[in-house]
Amino acid sequence: MTDDEKKPRKPSGALRLVAGALAGALAGFAALAVAELVSAAVRPQAGPVVAVGGAAIDRTPAAVKDWAVRNFGTDDKLVLQLGILAVLALFALALGIAALRFRRAGAAGVVLFGAVGALAATTRPDSRGLSDALPSLVGAGAGAVLLHVLAGRLARREPAGSGPADRASGSGAGPEQDWDRRGFVIAATAAAVASAGAGAVGRALNGASGGSAVASRDRLVLPAPGSPAAAVPRGAGLRIPGASPFLTPNADFYRVDTALVVPKVDAAAWRLRIHGTGVSRPVVLSFDDLLRRELVERDITLTCVSNEVGGPYVGTARWVGARLAPLLAECGVKPPSRGGWADQLVARSVDGMTIGTPVEDVMDGRDALLAVGMNGEPLPFDHGFPVRMVVPGLYGYVSACKWITDLELTTFDAYDPYWVKRGWAREAPIKTQSRIDTPKPFARPKAGTVMVAGVAWAQHRGIDKVEVRVDDGPWQEARLAPEDSRDTWRQWSFPWQAAKGGHTLTVRATDRTGRVQTDRRTRTVPDGASGRHSVVVTVE
């Protein structure tokens, strides 16, 4: 054996670098896992990813939020959380590499991460105070300790048996340094297993934290409405492949909100406070108080202001709830047209969302509801259980507060709710719109009769006419399905004699006031998109 072969092999710098990055990743994983476990004792919304994600949503400009909804749809929250985790992963990898030389600085970086999460959690609109900071701080502490320990296993050390005599002998170079590979592997494996366990337990506990709310919904039997909805007119829902159903199933109903964790509220513990300017008799209602009022059942189409021309964020459901106007009147509230002091009704959600609705619209005779049921069942959690607002004719961001817990009468001059602060309009009546459901864009139908069909809506005004244009030809009137009410969308169909080649189909609607859907294209900000929907197809 040669002298070179007897020498210990020089440790790989690249391997140590990889181990450092792994140490950082494990520290970050441990921090999140412990935070998840602690959040189960505090509340799920206090977890660092949820808190930072909520803070990011709060500070996102309207145009960026609109872009996210347009490109990711109802998956925008998942994309945001994955993005946060990706940034945290890169940050953790960098801290692990830095800790190879600066152990304390690396650990301090993890603590800084925790401080950001704690700040986000305690400054959210629904924050419950300093307790919300605990998950981030405790998790960061655990991650910092782990990184410090793992970085210690990666520190350079002298081989056993080396001493001053060894350092003085030979060519003058000291003995080659190595790091505790075995100790690192043992510590890293133990940390990974413990973190995975803590995270799994925390996730399970958080998943079960809404157990009482789930139980309250499961045992709820809604009273029969005193004013039931009429049967959907025969033929209101077209039996045409590709056309939307008249009533949108709960599982398919669009969801656009800012809640990264869906609130789960126990109906027995729910309370609604009504107070503010012009309220001479403030009240606090329980869920049972609300159910004892006369309930009405109505078919109402809701539309999100983020819905682009031809977009999917519109749907119709059969809602059950208590009328809001009589309840406000019992509290002494009058609309401005009758001398009332307040012109804005601010609804607050349990997650801190604020939505402002014109008092005049709520009390003008339309079926503005505090809804408790949707399509024959209690509200799903995603759609506001136990109680939400539904106001026909207004975009959701000024009318459809979910998980509602507070109603304050005020003025538009005195208070700007959540979306108004972010550049959206104070008042937003739904614009007259129509959509082609079939054929789909870039479809390749066969020549001959092709059924063109879709929906049109102008809530609280109603649809009187829908027309279709092929390429640059004349507008041709489509067949309207029977109307359910002026607060619901209306389906339409048009038998098109399709000739071979590429064609553009365009639709427009006319509402009951005689206003024709404009061809002027605008984006959703600040008060809803406008323009006419068209699809390009190739007839074979």
Practice task
For salt bridge (Lys or Arg N to Asp or Glu O under 4.0 Å), just list the numbers for Asp416 and Arg426, CA-CA rounded to whole Å, side-chain angles, deciding distance to a tenth of an Å, and then say yes or no.
Solution key: CA-CA 8 Å; Asp416 285 339; Arg426 288 178 171 180; 3.5 Å; yes

Fill in the blank from the handout: In this structure, CD of Gln344 is separated from CD of Glu427 (nearest 0.5 Å) by 9.0 Å

Practice task
Over all heavy atoms of both residues, which pair between Asn375 and Ala317 is shortest? Give the atoms and the distance, please.
Solution key: OD1-CA, 3.5 Å

Handout entry: Sidechain N-carboxylate O distance under 4.0 Å for Arg323, Asp367
Key = yes

Practice task
Using the side-chain hydrogen bond (donor to acceptor under 3.5 Å, both in side chains) rule, pick out the option among Gln459, Arg366, His460, Arg298 that qualifies with Asp487.
Solution key: His460

Completion exercise
Separation between CD1 (Ile355) and SG (Cys401), nearest 0.5 Å, reads 4.5 Å

Problem - Heavy-atom check, side chain of Val296 versus side chain of Pro228, under 4.5 Å - result: no

Exercise for the section: Check whether any side-chain N or O of Lys402 sits under 3.5 Å from a backbone N or O of Asp382 as a donor-acceptor pair, and report yes or no. Expected result: yes

Exercise for the section: Could you grab the distance from atom CG of Leu327 to atom CG of Leu285, nearest 0.5 Å is fine? Expected result: 5.5 Å

Handout entry: Non-hydrogen atoms of Thr357 and Val398 that approach each other most closely
Key = OG1-O, 2.6 Å

Handout entry: Pairing of Lys431 and Asp527 as salt bridge, 4.0 angstrom limit
Key = yes

Fill in the blank from the handout: Rounding to 0.5 Å, atoms CH2 (Trp492) and CZ (Arg479) come to a distance of 12.5 Å

Exercise for the section: State, with a plain yes or no, whether a side-chain heavy atom of Met451 is found less than 4.5 Å away from one of Trp496. Expected result: no

Exercise for the section: Sort and list the pairs that fulfil salt bridge (charged side-chain N to carboxylate O under 4.0 Å, His left out) and have at least one residue in residues 505-523, not counting sequence neighbours. Expected result: Glu308-Arg523, Arg461-Asp511, Asp464-Arg512, Glu467-Arg508, Glu483-Arg512

Problem - Student check: side-chain heavy atoms of Leu328 and Ile274 closer than 4.5 Å - result: yes

Exercise for the section: Would you check if there is a donor-acceptor pair between the side chains of Ser349 and Asp351 at a distance under 3.5 Å? Expected result: yes

Handout entry: Distance-only polar pair, side chains of Thr488 and Thr301, donor-acceptor under 3.5 Å
Key = no

Completion exercise
Between the CD1 atom in Ile240 and the CG atom in Asp437, the distance rounded to the nearest 0.5 Å is 10.0 Å

Completion exercise
Heavy atoms of Val314 and Trp457 approach each other most closely as CG1-CH2, 3.9 Å

Problem - Shortest non-hydrogen separation from Val468 to Ala478 and the atoms involved - result: CG2-CB, 4.4 Å

Exercise for the section: Indicate yes or no: at least one non-hydrogen side-chain atom of Ser534 is less than 4.5 angstrom from one of Val507. Expected result: no

Completion exercise
Residues passing the side-chain contact (heavy atoms from CB on, under 4.5 Å) test with Val232, sequence neighbours excluded, are Ala236, Phe246, Leu247, Asp299, Arg318, Asp484

Problem - Any side-chain heavy-atom pair of Met363 and Arg338 under 4.5 Å - result: no

Exercise for the section: Please examine the side chains of Asn307 and Thr524, heavy atoms only from C-beta on, and report whether any two atoms are closer than 4.5 Å. Expected result: no

Practice task
Scan side-chain atoms only and decide if Arg532 and Ser434 contain a donor-acceptor pair under the 3.5 Å cut-off.
Solution key: no

Practice task
State whether a side-chain donor-acceptor pair under 3.5 Å links Gln45 with Asp126.
Solution key: no

Problem - Close side-chain approach of Pro125 and Met353, heavy atoms under 4.5 Å - result: no

Handout entry: Any side-chain donor near an acceptor of the partner, Gln517 and Thr510, under 3.5 Å
Key = no

Exercise for the section: Go through the side-chain N and O atoms of Ser244 and Arg435 and say whether any donor and acceptor fall under 3.5 Å apart. Expected result: yes

Problem - Non-hydrogen side-chain atoms of Leu290 and Leu272 separated by less than 4.5 Å - result: no

Handout entry: For the student: nearest non-hydrogen atoms of Ala46 and Ala121, plus distance
Key = O-CB, 4.1 Å

Handout entry: Ring geometry between Trp270 and Phe287 (parallel below 30°, tilted from 30 to 60°, perpendicular above 60°)
Key = perpendicular

Handout entry: Arg255 to Phe381, cation-pi by 6.0 Å centre distance and 45° axis angle
Key = no

Practice task
Kindly compute the distance separating CG (Leu480) from OG (Ser493), expressed to the nearest 0.5 Å.
Solution key: 8.5 Å

Handout entry: Stacked cation flag Arg422 on Tyr418, 6.0 angstrom / 45 deg
Key = yes

Exercise for the section: Please state whether the rings of Tyr397 and Trp424 are parallel, tilted or perpendicular, taking 30° and 60° as the class boundaries. Expected result: tilted

Practice task
Check whether the side chains of Thr449 and Gln497 place a donor and an acceptor atom closer than 3.5 Å, and report yes or no.
Solution key: yes

Practice task
Using a strict 4.0 Å threshold on nitrogen-to-oxygen distance, state whether Glu408 and Arg273 make a salt bridge.
Solution key: no

Problem - Note: Asp132-Arg43 ion pair, threshold 4.0 Å (strictly below) - result: yes

Exercise for the section: Please indicate whether Asp218 has more than 12 foreign heavy atoms, meaning atoms of other residues, nucleotides or ligands, lying under 6.0 Å from its CG. Expected result: yes

Handout entry: More than 12 heavy atoms of other groups within 6.0 Å of Lys500 NZ
Key = no

Practice task
Could you pull out the closest heavy-atom pair between Leu505 and Pro439, with the gap in Å?
Solution key: CD1-CG, 3.9 Å

